[in-house]
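Just so it is clear, the values below take in all heavy atoms, side chains as well, and ignore hydrogens, waters and symmetry mates. Numbered from 1 within each chain, the chains take letters A, B, ... in sequence-line order.
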4 protein chains.
Amino acid sequence: MDEKSEQPARTHPGRTGRTPDTSRRSESSRKAILDASMRLVGEVGYNKLTIEAIAARAGVGKQTIYRWWPSKAAVLLDAFTGVVDEESYQQGIPDTGDLAADLKAVLRATVDEFNTPSFEAPYRALAAAGAADPSLSEQFVRRLMEPGRDVYVRRFEAAREAGQMAEDIDAAFATELLLGPFQARWLMRTEPLTYEFADTLVDYVLRGIAPR
Amino acid sequence: MDEKSEQPARTHPGRTGRTPDTSRRSESSRKAILDASMRLVGEVGYNKLTIEAIAARAGVGKQTIYRWWPSKAAVLLDAFTGVVDEESYQQGIPDTGDLAADLKAVLRATVDEFNTPSFEAPYRALAAAGAADPSLSEQFVRRLMEPGRDVYVRRFEAAREAGQMAEDIDAAFATELLLGPFQARWLMRTEPLTYEFADTLVDYVLRGIAPR
Amino acid sequence: MDEKSEQPARTHPGRTGRTPDTSRRSESSRKAILDASMRLVGEVGYNKLTIEAIAARAGVGKQTIYRWWPSKAAVLLDAFTGVVDEESYQQGIPDTGDLAADLKAVLRATVDEFNTPSFEAPYRALAAAGAADPSLSEQFVRRLMEPGRDVYVRRFEAAREAGQMAEDIDAAFATELLLGPFQARWLMRTEPLTYEFADTLVDYVLRGIAPR
Amino acid sequence: MDEKSEQPARTHPGRTGRTPDTSRRSESSRKAILDASMRLVGEVGYNKLTIEAIAARAGVGKQTIYRWWPSKAAVLLDAFTGVVDEESYQQGIPDTGDLAADLKAVLRATVDEFNTPSFEAPYRALAAAGAADPSLSEQFVRRLMEPGRDVYVRRFEAAREAGQMAEDIDAAFATELLLGPFQARWLMRTEPLTYEFADTLVDYVLRGIAPR
DNA sequence: CTATAACCGAGACGGTACGTCCAGTCTTGAA
DNA sequence: TTCAAGACTGGACGTACCGTCTCGGTTATAG
């Protein structure tokens, strides 16, 4: 989680050992810290983001950060979760009956999202930090990736029930087949993320899972 | 490239004056630095790897590192390239006539490779650093990923000629379809990399690209 | 003050942000730094004295030195002031009625002092640094030289009142006449500092200021 | 001599061990080095003066400096000697028969000289470096100070023969009495060097050495 | 009249220290 | 007890020079 440690201690180093009293926590400080983190990561990037700068920007003592978070990645994860949670995954992917069209629509929207710097920068920072740090990636996947993944799984399941997908196809695996190339291309920047890519991806995947 | 900078300057900060004279470069120092980097990244991990430690281990002045590399990521990339280059991509993927079997064999070997800590640790470190730094990822992709990718592309092309793949399928895209989920799963550690995963992945992909 | 800077900036380079809070200064660190400086300058000499070595010896972070002092010369000045202050100038030069004898006694003691390496080394280092750096010499003169000079001035004034010195002689100038050759000889090492020199010096000076 | 070494090696460190062949020495390089030194010391001061900068400015390899001089102080000493030698001490101090007037005239000229920055800066730099380094001060005194001192000694001897000075006065000591306060005041900047100071100094000294 | 040994410009090299930045801990005083 | 503030130890950063060491190239005697 901390870029300085490969295997972060169970209780993080910044914590003096005592568990702080959550009930007395300052909500305004918490918000200021999360807010400052989001702003700063956009301004200077993740690697130049420092706890000190966050504290200074938030008008908060460094200890207040160390008291409640184990690392800057954790802070950022919290900060970003706050943003993403408001995006609602509740409604899921629309089901117009046209699986290809539905998937393309959502994937195209995701392309747009990942081409938006203010969203992309912190998300990428977290993904990169997660790639390096197992404990962070676990959090990152669970809190940021899985909600988005699940809506695809549900849509594929609906498709199967509607006979648009072969019976023996695993919806989760189909999702992985669809999102994997997308994520890989994005993370490693092998090629740009375009609508065309999204459409082609959907076409290829659907071809593999279509009923025979 | 450097974890301290999101957008490294064109000429990196470590370079004091200007372009050193390549012809007078000390080959023994170069090797010692690359060697020390590989050892150290295995011992302490990427984030705890320091230029100072590399210099000390290599018996070299820090400036000699800063003179020739812009960051520790670049050093590691060179060091790792030296190792990987010896792996031979020349022979490519065997063509026994059974596309599925051939792909599974190679992908299973890759699974093994990515489950070998001495290989995985520095490779992951570079991938993570590359995810955060565009100029590094460009290098990473070109020098470490593409050679591995190309052998798949060639195998798919052979398959198409052999009538094992539909005519309208793009070999490069098929490769992306195959390797994308693999890379995504590995980078984000969503699920473990197993032979079963490799096999299933090949099966799903081939189903999508098979001649109709 | 700093041997690296001829004209030190108003706020010295070592100071990152701005004026630290004096009230929270660690007294133990301050003492350890001053102590380590005095020991080290005796061991390795001024020019080989480094801030890093002082910090290491004092068990202190470098920043703690840079926070409170602009240069190693300033550290040494403080360290030396602490030593010298304990020497007492309070009683001044004895007045036995024999001006020549009184002056010779004190000047001979000074000869001894300047021939004592543990005293001479840091004092000379500061004097040399002061010769090169105006802001340091101002401090050096005010804190280390003037107290010693003043006792002579007072003795000369007493001598004038006692009729041992011509009425029109300026006590301060007489002091300069006495100490100038002494200092010049010491600094430039033109000749060794001996009792004979001290005595001769007093004789010559008194001859010039005696009542006619 | 070198600010990095308290006790410079007998044969200086920069010398590889072999004595270079003086007859093949490049005169143009020598001049360029001396010239660059003088310019640079005026621009950046002694402590910020570096061998590398001298070499660069002189368009000379570093080794060429290290081959012929043991330290930057030695270079500067040579450079300054070249300048000072042209000032002629040959004619000595005029002897108009009026000792006081003669001394005041010369001392006033010296006041002017020491108030001229282009002369004062390198001279002070050398004096300060000499104060710290015995082997340099020996050179400094012999090559730069003694020629100037000797003219005073000769003038005092002439004065004694002319009956303007007591028979038992040592001309060398009288000179020390005159120049010591001057040098001390200049080096430590206790007070400014003025004509008035020069005159008063002469008056006080002459009073002490006048025939009784 | 070469050749061969030096000096020379250039600058890479192993090092040391610089002054800075920031991590994570600790202390103080106010609320 | 939390909090803002910030001093503290510690360690790595990237830079600047040190003095040494090659590397061609260019003289300038010695054979």
Atom pair distance, as rounded to whole Å: [atom1] in [X] and [atom2] in [N]:
X: D:Lys48; N: E:dC18; atom1: NZ; atom2: P; answer: 15 Å
X: B:Asp21; N: E:dC13; atom1: CG; atom2: C1'; answer: 13 Å
X: A:Arg67; N: E:dC26; atom1: CZ; atom2: C1'; answer: 12 Å
X: B:Ile65; N: E:dA12; atom1: CD1; atom2: P; answer: 16 Å
X: A:Ile54; N: E:dC22; atom1: CD1; atom2: P; answer: 12 Å
X: D:Ile51; N: E:dA10; atom1: CD1; atom2: P; answer: 16 Å
X: A:Glu27; N: F:dC3; atom1: CD; atom2: C1'; answer: 15 Å
X: B:Glu52; N: E:dT16; atom1: CD; atom2: C1'; answer: 11 Å

Under 4.0 angstrom between [X] side-chain N/O and [N] OP1 or OP2:
X: B:Trp69; N: F:dG14; answer: no
X: C:Thr64; N: F:dA7; answer: no
X: B:Trp68; N: E:dC13; answer: yes
X: A:Arg25; N: F:dT2; answer: no

5' to 3', nucleotides 22-31 of chain F under a 4.0 Å protein heavy-atom cut-off (B base, S sugar-phosphate only, - none) gives B----BS---

Check your understanding: Do C:Lys62 and F:dG11 share a donor-acceptor pair, side chain to base, under 3.5 Å?
Key ->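 No, the side chain and the base share no sub-3.5 Å donor-acceptor pair.
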
### Touch class at under 4.0 angstrom, heavy-atom based, for D:Thr50 against every strand present
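Counting heavy atoms under 4.0 Å across all strands, the contact made by D:Thr50 is with sugar-phosphate only.
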
If only atom types and distance count, is the side chain of [X] paired as donor or acceptor with the main-chain N or O of [Y] below 3.5 Å?
X: C:Ser29; Y: C:Ser26; value: no
X: D:Thr64; Y: D:Val60; value: no
X: D:Lys72; Y: D:Leu49; value: yes

The salt bridge (charged side-chain N to carboxylate O under 4.0 Å, His left out) partners of D:Arg25 (sequence neighbours excluded) come to none

Residue set satisfying salt bridge (charged side-chain N to carboxylate O under 4.0 Å, His left out) with B:Arg57, at least two apart, ordered chain then number -> B:Glu43

